[in-house]
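Everything below concerns the one structure shown next.
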Amino acid sequence: MRSSILSTAHQPDLDVDRQDIIVAPATPPGEGGVAIIRLSGPNCLDLVLPFFQSSRTFNRPDSHYFYHGFLLDSQGHRLDEVMFVFMATPRSFTAEDVVEIHCHGGHQTVEKILSLFLKAGARLAKAGEFSYRAFINGRIDLSQAEAIADLIHARSATAQTLAFSQMEGQLSRTLYSYTAKLRDSLALLEAWIDFPDEELPTEDMNEIKLQVSQSINELRVLCGGYNTGRSYVEGVSLLLFGKPNVGKSSLMNALLGEERSIVTEIEGTTRDLLEEGLVIHGIPVRLIDAAGLRAGLDPIEREGVERARRKLITADLVLLMIDGSRPFDQEDQDAADACLDKKHIKVITKSDLPLEPSVEFSDIKDAISISIKSGEGLSLLRQAIHDAIIGHQSRIDNSVVMTNQRHYAAASHAMVSLQRFVDSVSLGFSLEFLASDLREALVALGDITGETTTEDVLDSIFSRFCIGK
Ligand SMILES: Nc1nc2c(ncn2[C@@H]2O[C@H](COP(=O)(O)OP(=O)(O)O)[C@@H](O)[C@H]2O)c(=O)[nH]1
Ligand SMILES: [Mg+2]
């Protein structure tokens with residue numbers, strides 16, 4: 001990063017004074033039509049107004065109206081022509097008073113305006129501090145704050161849709177409806193704990209048990225969508241695997257629509273791992289082209305083959321590629337054997353050439369035939385990749401989808417506690433024990449929305465945000 005005011009910003013130690021006025025560019029660094037500088041904090045309008053010369057006369061700008069004018073430097077000289085908007089608390093991103101200056105894009109203008117406000121008493125915002133304030137001030141919960149980061153980093157249209165619905169609070173509302181019911185059950189239990197001489201009526205206990213079982217089922221459905229959600233948001237890695245010259249690099253280029261990998265008739269052309277991102281049916285995919293599997297003599301190629309084998313272990317999905325125009329041989333068999341325990345799709349390449357009988361009669365079944373020359377089979381292959389990752393029905397349109405590993409871990413924890421509750425009821429455990437299982441489940445669920453999240457976790461979540469978010 002080039003030297004600038006921003007490079008002095010630290011990672012958040014978010015235990016900061018919320019009376020401070022914070023400032024940061026809300027737009028990315030670099031050249032562009034417009035840059036936005038955002039300030040947040042009590043009375044930040046008073047800090048900015050002396051530097052704003054409006055082209056209209058007013059005493060004070062109205063909230064949520066745009067004003068045209070000039071920004072003046074500390075000597076009163078015009079520094080830039082800007083648009084100015086004030087958003088009064090609580091109707092702003094942070095729920096505090098917020099001012100946004102839309103100035104001309106570009107490093108120098110942004111730096112000058114920033115240093116003007118810093119000298120006037122604002123402090124440079126830490127990474128994620130605007131979102132953190134929105135969270136601390138109760139305007140959004142933690143899962144919504146995390147969704148802002150997901151939205152910004154979304155790598156596919158579906159990931160964007162999922163992040164947006166989470167930011168709008170779809171996951172939060174679902175969780176609140178679960179926790180509200182669990183809280184009612186807990187309150188009932190606790191009421192009876194206060195009267196140790198009396199037994200909780202059986203029908204009340206049955207009612208609570210039913211309620212908890214229902215919550216377990218609801219959480220199971222929610223967690224069941226996690227793998228799908230994660231694939232859409234984080235993406236998957238897809239390894240092209242097979243002996244030399246089966247057409248791995250050709251397929252990589254065809255899927256990418258560009259000549260990324262070198263394609264030749266010479267075996268062992270690809271030696272290093274080549275990785276490229278693309279989107280297949282809404283799923284961000286990291287496509288990996290590797291050296292062809294063979295007993296190479298050359299140490300560089302041997303290392304390439306080693307890397308391909310290591311990738312085979314970590315890749316989410318493998319395309320096992322067999323050349324349909326050449327005899328099926330030991331190297332093909334070795335590649336197929338290496339994929340046995342791995343989620344993979346069998347692909348027979350070069351279908352524009354006559355199919356070699358030994359391939360036809362090998363035990364490579366359910367393969368997809370493709371040809372890079374004619375384009376045959378490529379859309380079928382894309383669909384097969386999607387289905388292998390997501391499964392045949394992906395019901396992500398109307399249901400709440402969990403996409404975040406942290407949320408998944410917390411919901412799973414809650415399910416375990418609730419199951420223990422149900423088991424303990426059957427075993428006739430005391431109400432205190434039962435109540436503590438319910439409490440544990442509520443704490444786990446509260447971790448998702450941020451009600452019970454520790455400072456450390458908050459720090460690590462918000463530090464992944466960029467400055468100005
Ligand atoms: N006829 C035909 N040749 C192909 C096809 N795909 C790749 N090839 C050729 O097969 C050779 C090896 O391809 P390459 O992609 O480098 O294979 P890799 O070693 O597995 O990466 C090249 O000469 C390609 O032009 C195809 O679908 N049909
Ligand atoms: Mg290659």
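Every heavy atom of this structure was used, including side-chain atoms; hydrogens, water molecules and symmetry mates were not. In each ligand, atom 1 is the first atom listed, and ligand 1 is the first ligand listed.
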Pair [X]-[Y], side-chain donor/acceptor within less than 3.5 Å:
| X | Y | answer |
| --- | --- | --- |
| T449 | D141 | no |
| D323 | S325 | yes |
| S172 | S143 | yes |
| S40 | T94 | yes |

Got an N, O or S from N245 under 2.8 Å of the Mg ion (ligand 2)?
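No, N245 does not qualify, because none of its backbone or side-chain N, O or S atoms lies under 2.8 Å.
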Tell me whether R230 forms a cation-pi arrangement with Y408, defined as NZ or CZ under 6.0 Å from the six-membered ring centre and within 45 degrees of its axis.
no
If the plane angle is over 60° it's perpendicular, under 30° parallel, otherwise tilted; pick one for F66 and H102.
perpendicular
Using a strict cut-off of under 4.0 Å between a residue heavy atom and any atom of ligand 1, list the qualifying protein residues by chain and number.
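Close residues (ligand 1, cut-off 4.0 Å): P244, N245, V246, G247, K248, S249, S250, V263, T264, E265, K350, D352, L353, S371, I372, K373.
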